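As the structure lists them, so they are numbered: ligands from 1, and atoms in each ligand from 1. Fair warning: this is a prediction, and the values are worked out from it, not measured in the lab.
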Amino acid sequence: MLDSLFNPVGVAVIGASGKELHIGNRVIKNLLDFGYQGGIYPINPKADEIRGIKAYKSILDVPGQVDVAHMVIPAKFVPMAVEDCGKKGVKHIIINSGGFSETGPEGADIEKAFLEKANAYGIRIFGPNCQGIINSDPAVRAYCNFTFTFPDAGHISIVALSGGVAEVIHQGFSAMDVGTRIYASNGNACDISIPEIIRFLAEDDGTRVIVTYVEGLKDPMGFFEAAREAAAKKPVLAMKAGRTMEGAKAAASHTGGLAREDLATDLIFKKAGIVDFRDEGHLINAAVAFGSQPVPKGNRVGIITNTGGPAVIATDILVDAGLTLPPLSEKTKSLLTQKLYPEASVSNPVDVLATGTADHYLACLEAMMADDSFDCVLVNFVTPFFVDTESIARAIAQVNQQQIKPMVCNLMTDRRQWAETEAILKAGGVPCFALPSDAARALGALVRYRDILDREPGRIRSYVDVDTDGARAVFNRAGGQQMLSADQVYEILEAYGIDVPEWRMADDIDGAIAEADAIGYPVVLKADAGSVIHKSDMGGVAVNLTDADAVKKAAKKMKARIDAQDLRFFVQQFIPGGREVILGAKAEAGIGHLIMFGLGGIFVDVLKDVVFSLTPVTDAEAREMVDGIQASALLDGVRGEKPVDKSALVDLIQRLSKLVSDFPQIKELDLNPVMAFEKGAVAVDARIAL
Ligand code: ADP
Ligand code: MG
């Protein structure tokens, strides 16, 4: 569908200009200078030629096929020009001009008007208010864009709404002499969307890695689906900006207060299998490595160096990123002992010494490529004046070109004096970084993608014991309520097979005593009223009541303290001795719900030791959540404590995920706490807000 956008046979520029500093001139210059082979058609009613190319008064006068028409004209003329393009049979329009939805309602109306025309003619719109596209494929060389960075042909494709960031990333590759394959920055994205472009790039054989940048997602689910499909085929690297923590929210629930503003995007990235970044420099470096290297089979790295300290720095970063440095196999060890200088350090990292030669590097590289102990290689290379650095570079490039295992190189040099050494490495496709930590982080990113590919697929469990109709009846009864009452909440939990202690509702003190008698002692008494949120804070919880008298006293006290017309008593079986954990759910517009899990008490309030997942939570994700909190070891039991039933928690997370997925009207749901026992887990407090 987007094929003729990125591989256009002819490009017209509506609003072509003779003025050097005009976008309508620059696009033509870029097409010419970049070596675009297709037809270039400047459209200008007053000019005969622009930049030496015949101009046409109207797009309808153009003799050849036009796949892409740029529009560099005032917004108000765009709808009419789109009509002309329709008559001409133009397939795509890149609207560089601004003045549309980004400016307010008037502009939005124009955007709507031209879109209607475009739809009628089957024209796809790129932009408006955008840069455009570049395709550096040597067979195409389309520079349908007014920017100024000419990429070499390459394997990295960039897609982003923000032209500024797309260009910075692009320049990052250029600065490292690394090519870009396809570049697409679509501004307002009123028609052709980021997800659609990601799908196209996933199918594009020339694209080895997809890089994207987002500030907010226009269509979170569309992005998620496209990214997930793409990430299964090739690495998708993304960065989200706007990461400041949401200010302390006076949210009534923990889940609401703990969910960071951009958490949903993080979770979409994670669930889709995106390799995510928080720093554009790291993103650029990783993309460079992905652009030329195979994906490692595992996380075991071998380091070759001719200088000590930088290898130490790299090691720290690699280990932090989850890589391991296994020892050399006996075979590699004895081989290198023979080949290297006697003073060389034959272990991992291998230090060939500053005097190490090309033969030494070659021996190490070949040995590590053959040694099954390693999945990838990091090469540190400082360029001393007393060795033939160019032949070392050739050795590294030669092994790299065999593409046996991924490698990255930390080239430490004066790039002006050792330009040829650097050029040899780069021509050989070796990703070269000036800093050991940059090289190490790039390698770390390759391994992260391996981990993503190896993720357990996970399954969304279906439950035969869930009574959706029963729960629906309760929601229907709730009508316009914003907060469900305790009895409603517990009925719903029971309908979804979530364990709760035996409970009963009472309208007054005598009723509470009668219900407590019926349940059997000890019981817990809780105040239930619309205005009561944190019950214990208001004196609304009395635990371990062992007889009717205790219930009576507690109920009287509650009634005196809590002045609410709708006050009722919730009586519940007292179940002591469990480990308190917290589960929650929070609706996220356009995505579903975030599900939260953590240990209760200080772990939530002080340490914020909680994990989140997006609905629908699979079995694998639920397990990852339970194992994923920092204090997870406490669940396994420390210092003689009994372990808790993790499988019950995993089951509970999935039931909760199903409940909120079935009832999207649930705004927030808290189970705080759930008592986790050696066998089973029971929710003793629950809230549902609609
Ligand atoms: P709130 O969170 O509104 O203050 P809870 O219902 O969570 O009220 O009760 C406060 C605390 O009392 C819980 O965190 C838990 O430690 C304890 N608790 C409540 N219900 C029970 C119960 N049925 N069995 C044992 N302990 C309970
Ligand atoms: Mg509670």
Counting from 1, what ligand 1 atoms have a heavy atom of Pro673 closer than 4.0 Å? 7 (O), 13 (C), 14 (O), 15 (C)
Looking at Asp685, which atoms of ligand 1 are within less than 4.0 Å of one of its heavy atoms? 1 (P), 2 (O), 3 (O), 5 (P), 6 (O), 7 (O), 8 (O)
Starting from atom 4 (O) of ligand 1, which protein heavy atom do you reach first, and at what distance in Å? Ser536 OG, 2.2 Å
Where the Mg ion (ligand 2) is the centre, what is the O-to-OD2 angle for Asn672 and Asp685, rounded to 10°? 80°
For Val541, atoms of ligand 1 separated by under 4.0 Å from a heavy atom: 8 (O), 9 (O)
Nearest 0.5 Å, please: how far is CG in Asn129 from OG1 in Thr103? 9.0 Å
Suppose we measure from atom 22 (C) of ligand 1 to each protein heavy atom; which comes out shortest, and what is that distance? Val524 CG2, 3.6 Å
Of all protein heavy atoms, the one nearest atom 3 (O) of ligand 1 is Lys535 N, 2.8 Å
Measure the acute angle between the ring planes of Tyr496 and Phe663, then classify it against the limits of 30° and 60° as parallel, tilted or perpendicular. perpendicular
Is the closest basic N to carboxylate O distance between Lys559 and Asp508 below 4.0 Å? no
Asn285 side chain to Arg441 backbone, donor-acceptor under 3.5 Å: no
Nearest non-hydrogen protein atom to atom 24 (N) of ligand 1, with distance, is Ile575 N, 3.0 Å
Interfacing atoms of ligand 1 (cut-off 4.0 Å, heavy-atom, His534): 3 (O)
Report yes or no: does Arg579 contribute a side-chain atom to a donor-acceptor pair with the main-chain N or O of Leu599 at less than 3.5 Å? no
Identity and distance of the protein heavy atom lying nearest atom 27 (C) of ligand 1: Met675 CE, 4.0 Å
Check whether any side-chain heavy atom of Ser632 lies under 4.5 Å from a side-chain heavy atom of Val626, and answer yes or no. no
Please work out whether the ring planes of Phe223 and Phe269 are parallel, tilted or perpendicular, with thresholds of 30° and 60°. tilted
Does ligand 1 have an atom that lies less than 4.0 angstrom from a heavy atom of Arg687? no
What protein heavy atom sits nearest atom 20 (N) of ligand 1, and how far off is it? Lys526 NZ, 3.0 Å
Under 3.5 Å, side chain of Asp375 to main-chain N/O of Arg300, donor-acceptor pair present? yes
May I ask whether atom 11 (C) of ligand 1 is less than 4.0 Å from at least one protein heavy atom? no
Under-4.0 Å heavy-atom contact with ligand 1, by part of Asp537 that carries it: neither
Quick check on contacts: which atoms of ligand 1 are under 4.0 angstrom from a heavy atom of Ile533? 3 (O)
Contact between Glu456 and Glu624 at the side-chain level, heavy atoms closer than 4.5 Å - yes or no? no
Would Asp469 and Arg472 pass as an ion pair if we require N to O under 4.0 Å? yes
Among all protein non-hydrogen atoms, which one is nearest to atom 17 (C) of ligand 1, and what is the separation to 0.1 Å? Val543 CG1, 4.0 Å
Side chain of Arg655, backbone of Ile498: donor and acceptor closer than 3.5 Å? no
Side chain, backbone, both or neither: which part of Glu580 has a heavy atom under 4.0 Å from ligand 1? side chain
